[in-house]
Amino acid sequence: MKKEKILITCALPYVNGLPHLGHLAGCLLPSDVYARFNRLIGNETLYIGGTDEHGTPSELGAKKEGIDVLEYTTKYHNLHKDIYKKFNLSFDYFGRTSSNENTELSQQIARELAQNGYIEEREVEQVFSIDDDMFLPDRYIVGTCPYCGATNARGDQCESCTKVLDPKDLIDAHSAVSGSTNLEVRKTKHLYLKLSKLSDKVREWVNTRNWNKLTVGIANKWLDEGLSDRCITRDLKWGIPVPLDTFPDMKDKVFYVWFDAPIGYISITKELLGDGYKNWWLESCGAKDEKYVEFMGKDNVPFHSIMFPATLIGANSDYKKVDILKGLSYLNFNGGKFSKSANRGIFADSAIAEFPADYWRYWLIKNAPETDDTDFTFERFAEEINKDLNDVLGNFVLRVLKFYSSKIGTTLQHNPANGEKEQALKAELSSKISSYTKYLSEMEFRKAMAELRAIWVLGNTYIDEMAPWTVFKTDTEKSGEILAFAMNLMRIFLILARPVIPETVEKILSSLNTSGDWINDVEAEMNTIVKGHNFEVPASVFTKITPEKVTELNEKYNAKK
RNA sequence: CGCGGGAUAGAGCAGUCUGGUAGCUCGCAAGGCUCAUAACCUUGAGGUCAGUGGUUCAAAUCCACUUCCCGCAACCA
């Protein structure tokens with residue numbers, strides 16, 4: 001198989017607050033499974049993640065906790081890092097957008113854009129809150145909707161009647177930060193990225209992409225409506241300062257988070273590899289032949305398909321741009337959204353306290369929201385963990401190992417059987433492994449998991465048909481050979497599951513006293529565990545989730561409203 | 001007429017691009033097995049493919065319209 005070079009990024013979660021199952025399902029876990037899979041099949045893989053830290057929510061969050069913003073984002077960055085480690089996300093590096101590297105690179109890209117004539121200074125009017133001593137984003141101005149009379153309308157939109165508003169339309173407008181009505185409209189200067197001028201180049205580039213229908217549809221819609229120039233700076237303290245050497249009028253301004261966040265992919269690589277980042281990000285330095293895959297929630301698709309590529313195209317045509325954009329839908333919780341304020345849903349820290357990472361990983365990948373929003377319920381979770389992991393895989397492992405060790409011992413006295421049945425099974429297994437591998441390379445996670453489960457079932461069917469417990473009574477040798485064959489099957493089942501449930505696989509493979517990266521040649525791999533091989537019987541593989549536990553969880557996490 | 005996704009057995013989904021006997025998992029029923037975590041294996045029941053109209057020898061699939069659900073909607077990332 002020809003080895004590929006693969007760069008994988010996962011949309012950077014906003015640092016403010018902890019991620020919930022939706023974030024894991026829609027972006028973090030799929031990217032990790034894909035990264036692990038690529039490493040296992042021998043591709044040169046770089047998997048980059050991090051936290052997006054700048055912007056108003058961080059400033060306000062820090063104020064609320066009474067600490068410095070950097071202290072605040074550092075605290076939450078570490079919480080993210082810690083929790084992802086517990087979920088076994090295998091980032092080659094998990095960085096942050098508040099790093100020096102990101103500051104330098106974002107400033108450099110802004111200079112490049114300015115040199116190429118894609119940045120323009122404009123004077124705009126914005127609402128300033130005198131008591132808060134800050135400009136307020138539209139969203140942080142609330143008041144009464146002039147159309148429907150709702151009293152909680154936001155400056156950008158009324159949530160009751162969905163009408164799009166201008167903050168100046170609001171009746172009794174006040175600051176969402178402090179409640180102050182002491183507001184005034186002030187003039188302020190900002191930098192605009194001239195997307196209108198970049199539109200043709202972006203379209204030309206989009207046309208060369210082999211994206212799926214959804215992504216192309218979103219991208220073309222934006223292009224067809226015409227790209228508007230977009231403000232890339234803000235009047236905030238917490239952000240990357242606009243470089244005054246190039247933009248002398250921009251004192252006390254910072255870049256808008258959406259400008260610097262995706263640049264974080266590049267700067268985080270640089271933080272890890274130093275100048276080696278060029279091999280992954282500059283086409284002239286070897287990035288031309290690599291495959292760059294981005295994972296994100298569907299809300300992020302416009303920014304990754306249009307805004308970020310436009311920024312890179314405008315700055316320097318040598319930057320590597322995305323090849324495959326995997327946008328996923330949302331995971332809901334019992335038919336509603338996850339909500340921290342309403343205490344609905346399960347967040348990453350509680351999730352890992354309830355069940356091992358592999359349970360979550362398996363379920364969330366098997367039910368990845370690929371085409372439509374997907375509903376999480378504890379009932380479904382328990383059902384699939386119990387059935388697939390416990391009954392199909394876990395039970396197969398134990399029934400084989402326990403029988404052999406109790407009747408014969410923990411040192412293998414037999415070589416695997418190789419009759420007609422076994423030949424047929426190996427052929428079927430090869431074909432299913434090809435499909436499974438294909439689905440994983442194409443990021444078709446649901447189909448991949450269905451195929452993996454079907455592969456596991458082959459083990460139980462084989463054992464049942466061959467009935468080594470019956471054969472044992474008359475032909476010990478034959479029985480042992482059947483079980484030896486089953487142990488080799490087991491090894492393959494586990495190796496194939498490595499991208500998804502790495503912790504369990506490591507544990508059981510180590511009991512089996514074997515290992516392996518990936519299965520390319522079934523015939524050869526089926527003769528790995530042979531006469532003389534020692535193994536241990538693991539105490540357990542998975543544990544079932546009881547109905548009582550499901551009831552308890554539903555109450556604990558407000559699953560039933 | 002904002003954009004997109006969805007509607008297929010009791011539940012969750014595939015199949016729709018490229019029309020040709022409606023499929024998978026769970027649940028349910030019957031049988032088998034008794035090595036294993038009351039697990040496993042086999043078989044079966046269960047569907048006017050959201051609705052209406054059209055194209056066609058033939059429509060879940062193509063076309064038009066309608067209904068319902070879910071997201072997104074450019075200063076919240």
Side-chain angles (χ1 to χ4, degrees), chain A residues 11-16 51-58 97 124 126-127 135-141 154-157 162 164 167 176 190 195 213-215 217-218 220-222 224-225 227-228 230-235 256-258 260-262 296-303 306-307 329-330 332 335 337 366-367 369-375 377 379-380 383-384 386-392 394-404 406-407 444 446-447 449-451 453-454 457 459-472 479 482-483 486 540-544:
Chain A
L12 308 182
Y14 198 67
V15 74
N16 199 1
T51 44
D52 172 16
E53 306 197 352
H54 293 130
T56 314
S58 287
T97 57
V124 293
Q126 272 206 308
V127 175
F135 282 96
L136 293 175
D138 291 1
R139 184 188 165 80
Y140 285 97
I141 303 158
R154 297 195 318 239
D156 52 348
Q157 182 180 33
T162 74
V164 176
H190 281 293
L195 287 170
K213 214 177 128 191
L214 174 77
T215 311
I218 293 176
N220 279 331
K221 182 203 154 205
W222 281 53
D224 290 345
E225 288 177 358
L227 298 179
S228 317
R230 196 177 155 85
C231 184
I232 57 165
T233 52
R234 289 291 183 276
D235 289 287
Y256 178 37
V257 280
W258 256 111
D260 74 73
M296 73 204 69
K298 60 183 172 183
D299 52 326
N300 269 330
V301 170
F303 291 94
I306 301 290
M307 303 302 179
S329 285
Y330 291 137
N332 288 323
K337 285 193 169 188
K366 188 186 178 195
N367 294 284
E370 288 173 317
T371 51
D372 202 3
D373 291 354
T374 299
D375 211 26
T377 67
E379 284 82 358
R380 283 188 62 192
E383 185 182 296
E384 291 176 45
N386 291 346
K387 201 69 206 171
D388 300 355
L389 294 186
N390 284 274
D391 295 348
V392 176
N395 184 47
F396 173 70
V397 169
L398 292 181
R399 70 193 296 205
V400 171
L401 297 183
K402 281 190 179 178
F403 187 76
Y404 198 94
S406 71
K407 299 291 183 187
E444 295 253 26
R446 286 184 177 221
K447 287 180 181 169
M449 289 303 102
E451 200 65 36
R453 189 189 187 282
V457 167
N460 282 315
T461 314
Y462 173 74
I463 281 292
D464 230 74
E465 279 180 13
M466 304 309 280
W469 47 87
T470 307
V471 175
F472 185 78
S479 178
I482 292 167
L483 291 162
S540 73
V541 183
F542 300 103
T543 309
K544 287 205 185 186

Full working for side chain to side chain contact (heavy atoms under 4.5 Å, CB included) between A:M296 and A:F303:
CA-CA 10 Å; A:M296 73 204 69; A:F303 291 94; over 6 Å; no

Give none if B:rC65 has no partner; otherwise give the nucleotide forming a Watson-Crick or G-U wobble pair with it, both distances under 3.5 Å.
B:rG51

With side chains defined as the heavy atoms from C-beta onward, is the minimum distance between A:Y14 and A:P57 less than 4.5 Å?
yes

Side-chain contact test, heavy atoms from C-beta onward, threshold under 4.5 Å: evaluate it for A:V392 versus A:R453 and give yes or no.
yes

What's the CD-C1' distance between A:E383 and B:rC28, to the nearest Å?
13 Å

Is A:E384 paired with A:R380 through a side-chain N to carboxylate O contact shorter than 4.0 Å?
yes

Given the P atoms of B:rU21 and B:rG12, what is the spacing between them in whole Å?
27 Å

note: A:E370, atom CD; B:rG5, atom P; distance rounded to Å ~ 16 Å

A:E379 CD - B:rU25 P separation (whole Å):
23 Å

Ignoring hydrogens, what is the shortest heavy-atom contact between A:N386 and A:K544? Give both atom names and the distance.
OD1-CA, 3.3 Å

Nearest-Å distance, CG (A:D373) to P (B:rG5)?
13 Å

At less than 4.0 Å, is any side-chain N or O atom of A:K447 found next to OP1 or OP2 of B:rC13? Yes or no.
no

C1' atoms of B:rC33 and B:rU42, separation to the nearest Å:
11 Å

pair_partner(B:rA14), Watson-Crick or wobble, both distances < 3.5 Å, evaluates to none

Please work out if A:P468 contacts a base, only the sugar-phosphate, or nothing of the nucleic acid, heavy-atom cut-off 4.0 Å.
nothing

In whole Å, measure the gap between the C1' atoms of B:rA7 and B:rG47 for me.
14 Å

Quick one: what's the B/S/- string for nucleotides 31-38 of chain B, heavy-atom cutoff under 4.0 Å, read 5' to 3'?
-BSSBBB-

Determine the Euclidean distance between corresponding P atoms of B:rA50 and B:rC13; express it in Å to zero decimal places.
15 Å

Rounded to whole angstroms, how far apart are OH on A:Y256 and P on B:rC75?
6 Å

Please state how far atom CD in A:E384 lies from atom P in B:rA11, giving the value in whole angstrom units.
16 Å

Re B:rG44: Watson-Crick or G-U wobble partner, both distances kept under 3.5 Å, found to be B:rC28

With nearest nucleotide decided by heavy atoms, which residue, A:V457 or A:T374, maps closer to the 5′ end of RNA chain B?
A:T374

Residue matched to B:rC72 through Watson-Crick or wobble contacts both under 3.5 angstrom
B:rG2

Which whole-number value in Å describes the distance from A:R234 CZ to B:rC76 C1'?
11 Å

Is A:Y404 reaching over with its side chain to a backbone N or O of A:R399, donor-acceptor style, under 3.5 angstrom?
no

Should B:rU34 form a Watson-Crick or G-U wobble pair with both distances under 3.5 Å, which nucleotide is its partner?
none

Roughly, in whole Å, what's the span from CG in A:N386 to P in B:rU25?
18 Å

If pairing requires Watson-Crick or G-U wobble contacts with both distances under 3.5 Å, which nucleotide is the partner of B:rA58?
none

Applying a 4.0 Å non-hydrogen cut-off, can you work out what A:Q126 is touching in the nucleic acid: base, sugar-phosphate, or nothing?
base

Phosphate contact (B:rA11 OP1 or OP2) by A:R380 side-chain N/O below 4.0 Å:
no

Looking across every strand, which nucleic acid part, if any, lies under 4.0 Å from A:V392 by heavy atom: base, sugar-phosphate, or nothing?
nothing

Given the C1' atoms of B:rU16 and B:rC63, what is the spacing between them in whole Å?
14 Å

On the nucleotide B:rC26, are OP1 or OP2 found under 4.0 Å from the side-chain N or O atoms that A:R453 carries?
yes

Between A:D373 and A:S329 the two heavy atoms that sit nearest each other are OD1-CB, 3.1 Å

When rounded to the nearest Å, what value does the distance between C1' atoms of B:rG15 and B:rA9 take?
15 Å

On a whole-Å scale, what distance lies between the C1' atoms belonging to B:rA38 and B:rG32?
16 Å

Does the side chain of A:D388 come within less than 4.5 Å of A:K366's, by heavy atoms?
yes

Look at the side chain of A:T51 and the backbone N and O of A:V15, then say whether any donor-acceptor pair between them is shorter than 3.5 Å.
no

Taking atom C1' in both B:rA45 and B:rC26, what distance in whole Å separates the two?
16 Å

